[in-house]
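What follows is a set of notes on a single structure, which appears directly below.
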Amino acid sequence: MGLSADRPIPRYCSTLMDTPDVTRWAGLRRPGLHLLWAVPGAVLLSLPLMALAGLAWGAIGGCGDGPLNTHPDTIGLGIACCVGAAALLMLPLAIIPWMRNVAARLLLAALTGLAYGAAVAALTHSPCL
């Protein structure tokens, strides 16, 4: 479906640039570009969860037997914060249609969320140095 001079512009288009052929050819519809703002936004929204997970696991001191260290009741809070951070990153990857294949998009979103959750857990649950 190429453009030619003898082919008329459809009635619903105001200019030649509005025709579906030109829009597809020029690449004006790129929903994947929304990932450029959505993914950093999800990472920024997950920063408070990362801080809370760090406090839940390592508290302020992080080492020793002092009163400011890890309490067994807060371990679940740390895990929940890591899962929440992973879900926050997974949402834009799953919702924005940056791939046509929905199953592949959801699989990649789940794998990326799992990797991000593991990275958050590794960063916030650091052992004593």
For this session: Measure the spacing between OG1 of Thr112 and CG of Leu107 and express it to the nearest 0.5 Å.
Result: 9.0 Å
For this session: Could you state whether Leu33 and Leu89 fall into the same hydrophobic cluster, counting links through intermediate Ile, Leu, Val, Met, Phe, Trp or Tyr residues with side-chain heavy atoms under 4.5 angstrom apart?
Result: no
Problem set entry | Distance-minimising heavy-atom pair for Gly78 and Ala53 | O-CB, 3.9 Å
Exercise. Among the clusters formed by ILVMFWY side chains lying less than 4.5 Å apart, do Ile95 and Leu106 turn up in the same one?
Worked result: no
Problem set entry | Connected via hydrophobic side-chain network under 4.5 Å: Leu44 and Met50 | yes
For this session: Using the rule that two of Ile, Leu, Val, Met, Phe, Trp, Tyr join whenever any of their side-chain heavy atoms come within less than 4.5 Å, decide whether Leu49 and Leu91 are in one cluster.
Result: no
Exercise. Are Met90 and Leu108 connected in a single hydrophobic cluster, I mean Ile/Leu/Val/Met/Phe/Trp/Tyr linked by side-chain heavy atoms less than 4.5 Å apart?
Worked result: no
Problem set entry | Main-chain N/O of Leu93 paired to Trp98 side chain as donor or acceptor, under 3.5 Å | yes
For this session: Hey, could you give me the CD1/CG distance between Ile96 and Leu35, rounded to the nearest 0.5 Å?
Result: 4.5 Å
Seminar exercise, completed: On a heavy-atom basis, the closest approach of Ala85 and Ser46 is CB-CB, 3.8 Å
Problem set entry | Which atom of Met99 lies closest to which atom of Arg105, heavy atoms considered | O-NH1, 3.1 Å
